[in-house]
Structure formats: C-alpha cells, structure tokens
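By convention in this document, chain letters (A, B, ...) are assigned in the order of the sequence lines, proteins followed by strands, and residues within each chain are numbered from 1.
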Amino acid sequence: MLTPRTKLLVVIAGPTAVGKTSLAIELATKLKTHILSCDSRQFYRELKIGTATPSEMELAKAPHHFIGNLSVTDYYNAARYESEALALLKRLYQEHDVVILCGGSGLYINALCNGIDELPDPDPDLRKEIKENYLKFGVEYLQNELQKLDPIYYSRVDRLNPNRIIRALEVAMATGKPYSSLLTHRAKPRQFRIIKIGLFRERDELFERISQRTTCMVTNGLVDEVRNLLSFRHLNALNTVGYKEILNYLDGKISLEQAFTDIRTNTRRYAKRQLTWFRKDTDYQWFHPDQQDEILALIESSL
RNA sequence: GGUACCAUAGCUCAGCAGGUAGAGCAACGGACUGAAAAUCCGUGUGUCACUGGUUCGAUUCCAGUUGGUACCA
C-alpha cells in the first residue's frame with residue numbers, strides 16, 4: 001500500500017550576504033520547483049539595490065515569490081506573510097513535492113513554520129496615541145500602563161524596549177485582554193514537513209562579502225535609489241540598513257564615505273542579530289554554501 | 001646626524017605625585033509573536049613597545065634600544 005507522499009518545505013536561512021540567493025536558485029533548478037522569498041525588505045519593489053534583491057537574470061532562473069510584491073506604502077506584517085505563504089504553498093504543492101523557502105527574516109520564517117498567534121493588527125490611531133504619550137512622559141509611562149493592564153507580561157518583558165511595550169499595550173487596549181493571555185507559545189500543525197538548513201561562513205569571510213556587496217550597491221546606484229524615495233522616508237520600509245545611512249548623507253549630516261562605512265558596520269550588526277536568532281533554533285542543520293551536493297543529498301533523502 | 005615629543009584594548013586616547021589600568025568607537029554575547037534589515041539588553045577582550053636599573057613593589061621614576069612624529073641640520 002502506498003502512503004501519500006508528504007510535502008516538504010526546505011528552509012534556506014542564514015545571515016545576510018552569506019550566499020542564500022544563489023544556492024536557493026541552484027537547488028530550485030535541480031529540484032524543478034519554486035522559491036518563496038522570506039526577506040522583510042525584498043518585498044518592497046522600490047527597494048532593490050539596497051536590499052540586494054536578486055537580479056532579473058537570477059529571477060529568471062527559477063520561479064520566485066514574495067519579491068517586489070509590495071510597495072513601500074503598503075502595510076505588512078509577519079501574520080499576513082504567514083497566511084499568504086500558506087495559501088501559496090497549498091497551490092504549489094499540487095504540482096511539487098518540495099518548495100524552497102529562502103530568506104533571513106527570522107520572525108517571518110517562524111510565522112510560516114510555526115504559526116503566529118491570532119492577534120489584532122495595530123490600530124494606527126491607537127498606536128499613535130500611545131506613542132505620543134511615550135514621547136511626552138517617557139518609558140515610565142509605558143511601564144506603568146503595562147503594569148496595570150498586563151502584570152504578567154510586565155514581569156518578563158524587556159522594560160526598556162518601547163516597541164515591545166507599545167505593542168502589548170495596543171493589543172490589551174484593543175481586546176480588553178492582557179497581551180500575555182493571547183500568546184500561546186504553541187506551534188501550529190502544518191500539512192508539510194520542514195527541514196531547516198542554515199548557511200554559515202567564517203566571520204572574516206562574511207564581513208568581506210558584506211564589504212564587497214556594499215561597494216557593489218554604491219556602484220549600482222544606491223544613492224539615486226534613495227534619492228528617488230525621499231518622499232517616503234518616514235515609512236517603516238525605509239527604516240532599513242543601506243537607506244538610513246544614505247539619508248543621513250543626503251541630509252548633509254555625514255560624508256558619502258562615512259555613509260558607506262556605516263552601511264558596512266550596520267550590515268555586520270544585522271548579520272550578527274540574524275545569527276543569534278537562527279542559532280537558538282536547534283532544528284537548523286548548518287552547511288557552508290559551497291556544500292551544495294551535501295545539501296541536495298539531504299533534501300533528496302527526505303523526500 | 002642633532003634636539004624635542006610620543007609609544008597603554010582592534011582604533012582614537014585618558015590615567016597612575018610607584019600598589020599590574022579605563023573611556024568613546026569598533027567587536028563580542030543575548031532577547032525577540034502584526035515595526036523584525038525593526039527595537040532593546042549585557043560584556044573590557046590588555047606582555048601598559050623592548051632590555052636593564054632604582055625599589056618591598058615599576059605601566060608610572062632613570063638609562064639604553066627600537067619604532068613613530070615634529071623641528072633643526
């Protein structure tokens with residue numbers, strides 16, 4: 001008796017500039033399948049150069065999804081990604097046994113693999129109001145409100161992180177329930193199996209690649225890309241490594257040379273945070289990006 | 001060649017009237033549930049250039065050596 005073949009999601013994750021894109025394309029070509037990008041900034045079609053979005057040539061080699069699918073003016077979040085990616089996977093699995101998820105946004109990868117709790121999207125007016133009070137009365141205001149509305153979360157949250165508390169407050173105010181009571185910390189069941197592959201390079205090697213990629217972005221016209229986005233500078237999508245620094249330059253706050261240096265530094269820090277995130281997920285099996293054959297063998301043995 | 005000054009963390013530099021040292025930046029570690037390339041927390045990582053001398057004790061004082069900078073030749 002034949003058992004139905006279970007579908008497989010291959011997660012290719014790792015720090016920025018490690019070489020995820022080209023490996024994913026190679027794998028997708030060999031497995032004749034699609035790539036779901038999971039990069040919270042490559043969603044935005046206006047952010048191309050500074051986010052190292054795959055080139056037209058690369059995109060042509062394998063079907064990609066979630067690249068340039070949004071405008072910087074669109075609102076988006078990890079929960080939406082979860083439902084959209086799940087819906088897309090359902091379709092793709094009708095014709096493919098394996099699909100590749102490729103990206104460096106840990107929260108979004110988790111949202112797809114484990115699910116994210118059902119919480120309300122932020123109400124912009126409410127968020128604005130809380131934020132104004134925060135700016136007026138400081139983080140103590142946030143802490144006091146949280147202690148009243150959700151003492152449990154208050155006891156364990158990082159109380160100096162305004163974003164965390166603002167989110168907890170807006171959920172508590174919108175639902176009338178403590179934020180902590182809505183978090184299940186339970187993984188949602190999935191109709192497919194998942195293998196997680198982490199890509200790793202020595203720090204020196206990674207930093208060298210970051211440095212070279214930054215030089216490349218500049219040559220490819222990053223400054224012009226940012227200049228064309230000046231009217232969108234207040235949007236969250238522009239709060240991104242590569243864009244913030246060039247904005248500082250265009251504002252005359254720093255030299256162009258300094259902006260490049262800052263991009264390199266901030267990209268290294270971003271890579272470090274990504275590594276911290278992925279390291280704690282013990283499901284990852286780590287490979288050097290050159291170990292394509294080993295990775296392919298692992299995937300095929302899982303099919 | 002002479003004179004002066006300098007040599008302390010990856011970098012820029014404090015400091016010690018003698019009791020083995022500390023800031024900023026960088027770096028490193030961590031947190032993370034609708035902002036996540038975001039946001040936030042933590043950590044000094046050192047042959048105090050080298051070799052001697054004085055001293056109970058030298059990174060600190062003295063001499064020499066090496067390297068650097070400036071000026072004079």
Side-chain angles (χ1 to χ4, degrees), chain A residues 13-18 20 37-44 47-53 72 74-84 103-124 126-128 130-131 134 139 142-143 150 153 156-172 174-175 179-188 203-204 206-207 210 213-214 217 222 234-246 258 261-281:
Chain A
T16 190
V18 78
K20 297 186 289 294
S37 176
C38 191
D39 184 306
S40 72
R41 289 302 186 269
Q42 290 182 9
F43 296 149
Y44 300 106
L47 312 184
K48 276 197 165 65
I49 299 170
T51 58
T53 292
V72 290
D74 291 330
Y75 173 76
Y76 204 66
N77 62 45
R80 292 190 186 186
Y81 181 78
E82 178 197 9
S83 61
E84 288 176 19
S105 299
L107 179 68
Y108 285 66
I109 295 174
N110 274 10
L112 178 57
C113 293
N114 302 327
I116 192 163
D117 287 317
E118 279 166 38
L119 301 172
D121 276 358
D123 169 353
L126 183 56
R127 179 171 282 195
K128 194 166 163 236
I130 299 171
K131 199 168 177 182
Y134 160 58
V139 75
L142 298 177
Q143 293 167 347
D150 190 348
Y153 195 62
R156 67 161 190 256
V157 73
D158 175 0
R159 284 174 215 163
L160 294 174
N161 189 334
N163 285 13
R164 288 281 123 71
I165 308 185
I166 289 172
R167 175 61 186 156
L169 288 180
E170 74 188 8
V171 170
T175 61
Y179 177 65
S180 59
S181 73
L182 300 169
L183 303 179
T184 65
H185 299 288
R186 231 177 287 136
K188 291 186 201 167
R203 277 295 156 100
D204 288 352
L206 184 67
F207 287 3
I210 287 172
R213 198 179 66 178
T214 303
M217 287 175 180
L222 179 60
H234 59 286
L235 295 171
N236 180 54
L238 272 290
N239 187 191
T240 299
V241 175
Y243 295 82
K244 292 187 279 195
E245 297 83 357
I246 299 295
Q258 187 60 49
T261 305
D262 290 351
I263 291 174
R264 291 192 178 95
T265 301
N266 291 329
T267 306
R268 288 198 296 265
R269 288 177 168 167
Y270 168 50
K272 202 159 86 65
R273 273 178 274 130
Q274 289 176 298
L275 284 167
T276 299
W277 181 286
F278 295 128
R279 258 195 303 246
K280 84 173 168 186
D281 184 342

Nearest-0.5 Å distance that lies between atom CD1 in A/Ile116 and atom OG1 in A/Thr184: 10.0 Å
Nearest-0.5 Å distance, CG of residue A/Asn161 to CZ of residue A/Arg167: 14.0 Å
Can you tell me the distance, in whole Å, between the [atom1] atom of [X] and the [atom2] atom of [N]?
X: A/Leu275; N: B/G29; atom1: CG; atom2: C1'; answer: 12 Å
X: A/Arg167; N: B/A31; atom1: CZ; atom2: P; answer: 22 Å
X: A/Ile210; N: B/A26; atom1: CD1; atom2: C1'; answer: 15 Å
X: A/Leu119; N: B/A35; atom1: CG; atom2: P; answer: 10 Å

OP1 or OP2 of [N] sitting under 4.0 Å from any side-chain N/O of [X]?
X: A/Arg279; N: B/G30; result: yes
X: A/Arg164; N: B/A31; result: no
X: A/Tyr76; N: B/A35; result: no
X: A/Tyr81; N: B/G34; result: no
X: A/Tyr44; N: B/A35; result: no
X: A/Arg273; N: B/A36; result: no
X: A/Thr276; N: B/G30; result: yes
X: A/Arg203; N: B/C28; result: yes
X: A/Arg268; N: B/C28; result: no
X: A/Lys131; N: B/A35; result: no
X: A/Asn163; N: B/G34; result: no
X: A/Asn236; N: B/U39; result: no

Reckon [X] touches a base, only the sugar-phosphate, or nothing at all at heavy-atom distances under 4.0 Å?
X: A/Gly106; value: nothing
X: A/Leu160; value: sugar-phosphate
X: A/Thr51; value: base
X: A/Asp121; value: base
X: A/Thr184; value: base
X: A/Asn110; value: nothing

Polar pair under 3.5 Å, donor/acceptor by atom type, side chain A/Lys272, base B/G29: yes
Pairwise [atom1] distance, [M] and [N] [rounded to whole Å]:
N: B/G15; M: B/A73; atom1: P; answer: 34 Å
N: B/U45; M: B/A36; atom1: C1'; answer: 30 Å
N: B/U60; M: B/U54; atom1: P; answer: 15 Å
N: B/G22; M: B/A9; atom1: C1'; answer: 10 Å
N: B/U12; M: B/C6; atom1: C1'; answer: 14 Å

Centroid-centroid under 6.0 Å between A/Tyr44 and A/Tyr243 rings: no
Anti or syn - B/G29, cut at 90° from 0: anti
More than 12 heavy atoms from other groups under 6.0 Å of CZ on A/Arg156: yes
Residue whose closest nucleotide on RNA chain B lies nearer the 5' end, A/Val171 versus A/Ser105: A/Val171
Which residue lies more 5' along RNA chain B, comparing A/Arg186 with A/Val241 via nearest heavy atoms: A/Arg186
Complementary nucleotide for [N] - Watson-Crick or wobble, under 3.5 Å:
N: B/C71; value: B/G2
N: B/U55; value: none
N: B/C11; value: B/G24

Parallel, tilted or perpendicular: ring planes of A/Tyr76 versus A/Tyr81, cut at 30 and 60 degrees: perpendicular
Contact summary for A/Val241 and A/Glu245, nearest pair of heavy atoms: C-OE1, 3.6 Å
Lys/Arg N to Asp/Glu carboxylate O, A/Lys244 vs A/Asp262, below 4.0 Å: no
